[in-house]
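Just below is one structure, and these are the notes that go with it.
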There are 2 protein chains.
Amino acid sequence: MPYNAAAPLEKMIEKLAMRSSLLDGDRAALISLPHSIASYDPGSYIIRDGDIAVRCIVLISGFAFRHKITRHGGRQIVSIHMPGDIINLNNIHIGLSDYNVQAVTSCTAVTIPVKDLQELLIDNSAISAAFFTISLVEASSYREWMLNLGRRDARGRVSHLLCEFAVKLDTLGIGPGQSYDLPMTQEQIGDAVGLSAVHVSRTLKSLAQDGLITMNKRGIGLPNWNRLKDEAGFNARYLHISE
Amino acid sequence: MPYNAAAPLEKMIEKLAMRSSLLDGDRAALISLPHSIASYDPGSYIIRDGDIAVRCIVLISGFAFRHKITRHGGRQIVSIHMPGDIINLNNIHIGLSDYNVQAVTSCTAVTIPVKDLQELLIDNSAISAAFFTISLVEASSYREWMLNLGRRDARGRVSHLLCEFAVKLDTLGIGPGQSYDLPMTQEQIGDAVGLSAVHVSRTLKSLAQDGLITMNKRGIGLPNWNRLKDEAGFNARYLHISE
DNA sequence: CGATACATTGAGAGGAATCAAATTGTGTGG
DNA sequence: CCACACAATTTGATTCCTCTCAATGTATCG
């Protein structure tokens, strides 16, 4: 059952289809890509800065993030990835990794030889356009994160991250929109928004006190989506989820 | 003289060729793209956040930057563009602009209908790969900027920007590497690295006092490239200039 | 029940923002 | 060549935000 065996790739295909219309033939071409399954423990590195990558890795379950580290040890998380994401999209055309990818939770992934993907892109312009578009949307997200890091205060930064998470989980059909499990420690949140873990704690508490969010354990509740969005200056447009 | 008339496109083609090997046929296909010339005054907007763009714009001379603005008026410059850059690469596949582009100096540009570019990408996989790669390199640069914004102090941020400028100008053959004209005000530098103009002034002075740079008017001298690189934690790898 | 990881809280220090003012640079026109 | 206006930079004083350090609280798990 080749089709069934390829079921994991469906998550990636759905993401691609969100970005560019794919015909049945395109889907079949994607499913027939040679690939294998890998799994990763929480905290383990999937890719290391400086690696030469020869396989593209598609996250199937779990969460992972990309990060970079300064010479002084400062860590910056640059993106957070969910099932269906290609966690090293750049390696399609650039061998050298300029970031680390680390599993947040237990992760399973599909790995595909870059060579095979490149050949597919040469043969199939629709799929090529879909991958290209994914990369352009990633860049859009990076721009919004830069705005967050450079020009918003602590409350704005944290609430913006919470908003983005809510919308992306909702798109995946994971969270109900009202509340969700945040699979990150406060230290990781801090590394994503350029704050210390301590200050993230304070900021979350402050947001909770003002009724913008509720918290229990790792769960985040969004009792007042509009006020949270307003605090964050959040506009989902940059995610280009539906045009 | 169709070839001559298309000379402006050469700048873009060189940048594409840096990223992916182009054959003579590929170059001919690019040169034959329909296009027209536009020019922009310093400070004028070339693209506005929210626009639906139907033409791609290739900078031929001058400098421009992309920026985003928060609800409270905070501005974040997310990238700085030089001759040969496509200043709205995302519009190849995404119509809606999520950022502004503003001319820093007087600029001339070539504009190409998106539709024609898309058709070219469908027909020519080598050119498609080159554009895709450009986008991936942009993303790499964004990641480095995020690290700069989130996890470096004022001196590190400013010196990192100066290093990036030096390397990019050098690649273009504009600066001699020892010194160059920085075509940005201190306010613009601040908006690029997430600082106030006042603090940029202080930081530049501090760098100059320590002998890392020299300053006169808009000119920046780099008397000690190694020490500056060290201060910035700069490693040009992320620019993927030569693999 | 300790061991460990994560979260909370407080005190203090420091970096950068803001506000305000002075200075310098740049260009224009008389 | 000077006077003027305007933009950009520099400097100082003050305030505020966030960090660091340290201590404590709270789960979770073997």
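Residue numbers begin at 1 in each chain, while the letters A, B, ... track the order of the sequences. These values consider heavy atoms only, across backbone and side chains, with no hydrogens, waters or symmetry-generated copies.
- No donor-acceptor contact under 3.5 angstrom links the side chains of A:T203 and A:R157, judged on distance only.
- The closest donor-acceptor contact from the side chain of A:Q76 to the backbone of A:D191 lies under 3.5 Å.
- Remark: P of C:dA16 and CZ of B:R155 are 11 Å apart, rounded to the nearest angstrom.
- Closest to the side chain of A:R202, out of C:dA7, C:dT18, C:dA11, is C:dA11.
- If you take CE of A:M184 and C1' of C:dA7, they are 15 Å apart, rounded to a whole angstrom.
- Going from atom CG of A:L207 over to atom P of C:dT8 covers 12 Å, rounded to whole Å.
- Classified by interplanar angle (parallel below 30°, tilted 30° to 60°, perpendicular above 60°), the ring pair B:Y180/B:F165 is parallel.
- One can place NE2 of B:H72 at 13 Å from P of C:dT18, the figure rounded to the nearest angstrom.
- Within the 4.5 Å cutoff, no side-chain heavy atoms of A:N100 are placed close to those of A:I47.
- Here the side chain of B:S201 is nearest to one of C:dA7, D:dT9, C:dG10, namely D:dT9.
- Rounded to whole angstrom, the span from the CD atom of A:Q186 across to the C1' atom of C:dA7 amounts to 5 Å.
- Both tests hold for B:R66 against B:Y99: distance to the six-membered ring centre under 6.0 Å, angle to the ring axis within 45°.
- Between the side chain of B:R151 and the base of D:dT18, no donor-acceptor pair of N or O atoms lies under 3.5 Å.
- Within the 4.0 angstrom heavy-atom criterion, only backbone atoms of the sugar-phosphate kind lie near A:A154; the bases stay farther away.
- As rounded to whole Å, 18 Å separates atom P of D:dC17 from atom CZ of A:R152.
- Contact between the side-chain N/O atoms of B:K205 and the OP1/OP2 oxygens of D:dT10 is not found at any separation under 4.0 Å.
- Counting non-hydrogen atoms under 4.0 angstrom, A:G194 reaches the backbone sugars and phosphates but no base.
- Here the side chain of A:S196 is nearest to one of D:dC19, D:dT10, D:dT11, namely D:dC19.
- Picking from D:dT10, C:dT9, C:dA16 the nucleotide with the shortest atom distance to the side chain of B:H199 gives C:dA16.
- As judged by a 4.0 angstrom heavy-atom cut-off over every strand, A:L195 is placed among residues touching the sugar-phosphate backbone only.
- At a threshold of 4.0 angstrom between heavy atoms, the contacts of A:G190 with the nucleic acid are absent.
- Taking every side-chain heavy atom of B:V198 into account, C:dT18 is the closest of C:dA7, C:dT18, D:dA8.
- When the C1' atom of D:dC19 is taken as reference, atom CG of A:D153 falls 16 Å away, rounded to whole Å.
- Taking atom CG of residue A:L204 and atom P of nucleotide C:dA7, one finds them 9 Å apart after rounding to whole Å.
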